[in-house]
Amino acid sequence: MIQDALHSSLTDPTLDVMNFLNEVAHRFPDAISFAPGRPHEKFYDTQQLTSYLDAYVRYLSQERGFSEGQIRTQLFQYGRTNGNIHGLISRMLEKDEGIKAVPESIVVTVGCQEGMFITLRALFAKPTDVLLVGMPCYIGITGAAKLLDIEVVPVAEREDGLDLGELERTLEALRAEGKRPRALYLVADFANPSGRSLPEPARKRLLEIAARAEMLIIEDNPYGFFFREGPRKPTLKSMDDKEQVIYLGSFSKSAFPGLRVGYAVADQRVLGPAGDQHLLAEEFSKIKSMLSVNTSSICQAIIGGMLVMNDCSLLEANHEPIRFYKENMDATLLALERHFPRSEAWARGVTWNVPDGGFFLVVKLPIEADEALLEQSARHYQVIWTPMRYFYLGTGGEYELRLSCSYLTPEKIEEGVSRLARLIKSELEQQHARALKAG
């Protein structure tokens with residue numbers, strides 16, 4: 001079989017990014033890695049699994065009135081396509097995020113990634129439908145769009161989040177080309193990869209822009225709990241009074257990723273051919289039934305038990321992780337200041353942003369942050385990071401790298417940034433020496 005016989009998206013380098021980073025980590029297992037955006041395992045205990053399952057069984061029996069046979073069926077059989085714990089998630093969303101979503105509007109998915117696929121497949125009906133994304137962007141959504149043959153148009157981020165002026169100009173240009181801006185994908189809180197957040201006034205303006213353009217917003221919020229400074233900002237969905245926002249959530253960071261449980265809130269009303277109305281979630285259900293049939297009942301039960309044990313508030317359940325990730329971000333920022341001192345000429349060209357929460361930040365370099373530099377970093381300095389160009393469509397990010405501080409201890413962060421500084425200093429000195437020799 002030749003490559004040309006396969007889907008064209010499979011030749012896109014974006015789809016090789018995760019495999020490449022995993023391969024680097026596998027070849028250098030002792031390196032300090034700032035690459036994975038995974039939660040720290042210090043908060044996990046295998047006993048939690050049985051505790052959560054027991055709590056969920058008690059909930060089904062005592063609060064829902066299920067018989068032993070009904071409980072057995074719910075845990076061991078194929079479940080409802082849109083999920084079993086939608087009622088608990090509805091209570092959690094109102095308590096933690098101020099989002100009022102009826103249980104029937106919630107689809108429990110196999111991780112947030114399935115929610116992205118379902119959303120894109122449901123919304124994008126015509127070749128002229130376009131997905132807008134903040135740039136740089138999480139590769140999960142751009143990769144999904146490529147697999148579904150959906151055109152993606154970038155809108156630049158500024159230091160304070162999405163550039164709304166550029167968004168308006170892009171919308172106007174797309175309409176002039178006869179294209180329909182169908183939806184905008186956005187991580188408004190502590191975005192992956194940039195760590196940036198959209199200020200509250202800009203959120204209000206974004207909703208106004210979307211309403212005028214008759215464009216939906218796909219709000220992805222995996223990191224919103226993990227704020228570092230100031231009060232938490234309201235989600236776009238909690239501010240949405242026109243059914244503009246489809247909200248994607250995940251339990252990968254607030255519980256643990258091994259469960260692969262996420263959800264989508266799709267409360268938009270769909271007008272049927274006979275004039276009848278139903279929720280968009282019902283359309284999502286049709287797609288999910290052909291994609292994964294249903295989300296694991298056991299995994300849902302574990303999440304359900306965690307919710308029950310915490311009075312349906314995962315914000316309170318994550319009190320210690322919130323503090324830990326704040327301290328890790330603080331440690332990363334302090335280490336960067338210490339090892340790239342402004343008093344030394346070589347370090348003045350190295351800058352970074354200061355996120356007010358989340359797992360990620362971006363470092364800008366005076367040299368190219370490509371695979372060759374990453375290979376040298378891992379091999380000779382035993383530190384791994386992610387080139388930012390992976391998160392751009394076309395060009396961009398060539399002189400930037402992403403640091404994820406969630407999976408390390410403050411001590412490892414300090415040593416890792418020290419190694420990174422030695423790498424950059426050495427490269428700059430070699431570059432300077434080559435320039436002198438050439439001159």
Side-chain angles (χ1 to χ4, degrees), residues 79-109 112 114-133 141 144-145 148 150 167 171 174-175 179-188 203-221 234-250 262-292 294-295:
R80 174 178 175 270
T81 301
N82 278 13
N84 303 325
I85 60 172
H86 49 303
L88 293 173
I89 294 174
S90 174
R91 287 158 59 182
M92 177 202 75
L93 286 170
E94 184 165 8
K95 182 168 286 191
D96 287 343
E97 305 289 2
I99 297 172
K100 294 183 179 180
V102 296
E104 292 74 21
S105 70
I106 297 170
V107 181
V108 185
T109 58
C112 190
E114 186 189 36
M116 293 179 193
F117 269 89
I118 292 172
T119 302
L120 294 180
R121 182 65 291 157
L123 296 184
F124 288 79
K126 301 176 181 178
T128 51
D129 288 346
V130 173
L131 173 68
L132 288 86
V133 299
I141 190 72
L148 292 170
I150 294 169
L167 172 62
L171 291 172
L174 288 171
R175 285 193 293 268
K179 296 179 179 180
R180 179 173 70 155
R182 187 68 173 108
L184 165 72
Y185 170 86
L186 184 69
V187 181
R203 296 177 190 227
K204 294 177 182 178
R205 183 183 165 199
L206 173 59
L207 289 169
E208 293 168 358
I209 293 170
R212 289 197 301 271
E214 298 183 339
M215 176 183 69
L216 292 168
I217 297 172
I218 304 169
E219 180 181 16
D220 188 5
N221 189 25
T235 62
L236 290 164
K237 186 61 181 173
S238 69
M239 302 167 68
D240 176 25
D241 59 3
K242 294 184 175 66
E243 298 177 357
Q244 296 172 250
V245 180
I246 296 171
Y247 186 82
L248 302 181
S250 170
Y263 58 91
V265 179
D267 56 1
Q268 289 70 26
R269 290 177 178 82
V270 178
L271 183 64
D276 57 307
Q277 290 191 0
H278 57 277
L279 294 175
L280 181 59
E282 294 182 33
E283 303 295 333
F284 280 20
S285 180
K286 298 174 187 177
I287 300 170
K288 181 174 172 59
S289 70
M290 294 292 107
L291 188 60
S292 61
N294 65 292
T295 302

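In this text the structure is predicted, and so the values were computed from the model without any measurement. Residues take their numbers from the sequence shown, with the count starting at 1.
Scanning for side chain to side chain contact (heavy atoms under 4.5 Å, CB included) contacts around Asn294 gives Tyr78, Ser297, with sequence neighbours left out. Shown here are the side-chain hydrogen bond (donor to acceptor under 3.5 Å, both in side chains) partners of Thr295, two or more places apart in sequence or in another chain: Lys288. For Glu104, the side chain to side chain contact (heavy atoms under 4.5 Å, CB included) partners are Val102, Leu279, not counting sequence neighbours. With sequence neighbours left out, Arg175 forms a side-chain hydrogen bond (donor to acceptor under 3.5 Å, both in side chains) with no residue at all. Remark: Lys95 engages Asp311, Ser313 in a side chain to side chain contact (heavy atoms under 4.5 Å, CB included) (not counting sequence neighbours). Checked against side chain to side chain contact (heavy atoms under 4.5 Å, CB included), Lys204 has the following partners two or more places apart in sequence or in another chain: Glu200, Met239. In this structure, Lys100 has no salt bridge (charged side-chain N to carboxylate O under 4.0 Å, His left out) partners at least two apart in sequence or on a different chain. Checked against salt bridge (charged side-chain N to carboxylate O under 4.0 Å, His left out), Arg80 has no partners two or more places apart in sequence or in another chain. Applying the side-chain hydrogen bond (donor to acceptor under 3.5 Å, both in side chains) rule to Ser285 yields the partners Asn82; only residues at least two apart in sequence or on another chain are considered. Residues passing the side-chain hydrogen bond (donor to acceptor under 3.5 Å, both in side chains) test with Gln268, sequence neighbours excluded: none.
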Which donor-acceptor pairs under 3.5 Å do the side chains of residues 117-128 make with protein atoms, sequence neighbours left out?
unit_1	atom_1	unit_2	atom_2	d
Thr119	OG1	Gly115	O	2.7
Arg121	NH2	Phe124	O	3.0

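Contact record, Ser250 with Cys112: CB-CB, 4.0 Å, taken as the closest heavy-atom pair. Contact between Asp240 and Val245 at its shortest, heavy atoms only, is OD2-N, 3.0 Å.
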Requested in this report: Give the intermediate values and the outcome of side chain to side chain contact (heavy atoms under 4.5 Å, CB included) for residues Glu219 and Tyr185.
Outcome: CA-CA 6 Å; Glu219 180 181 16; Tyr185 170 86; over 6 Å; no
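Sorted by first and then second residue, the salt bridge (Lys or Arg N to Asp or Glu O under 4.0 Å) pairs with a member in residues 208-218 read Glu168-Arg212; sequence neighbours excluded.
Rounding to the nearest 0.5 angstrom, the gap separating the OG1 atom in Thr81 from the CE atom in Met290 is 8.5 Å.
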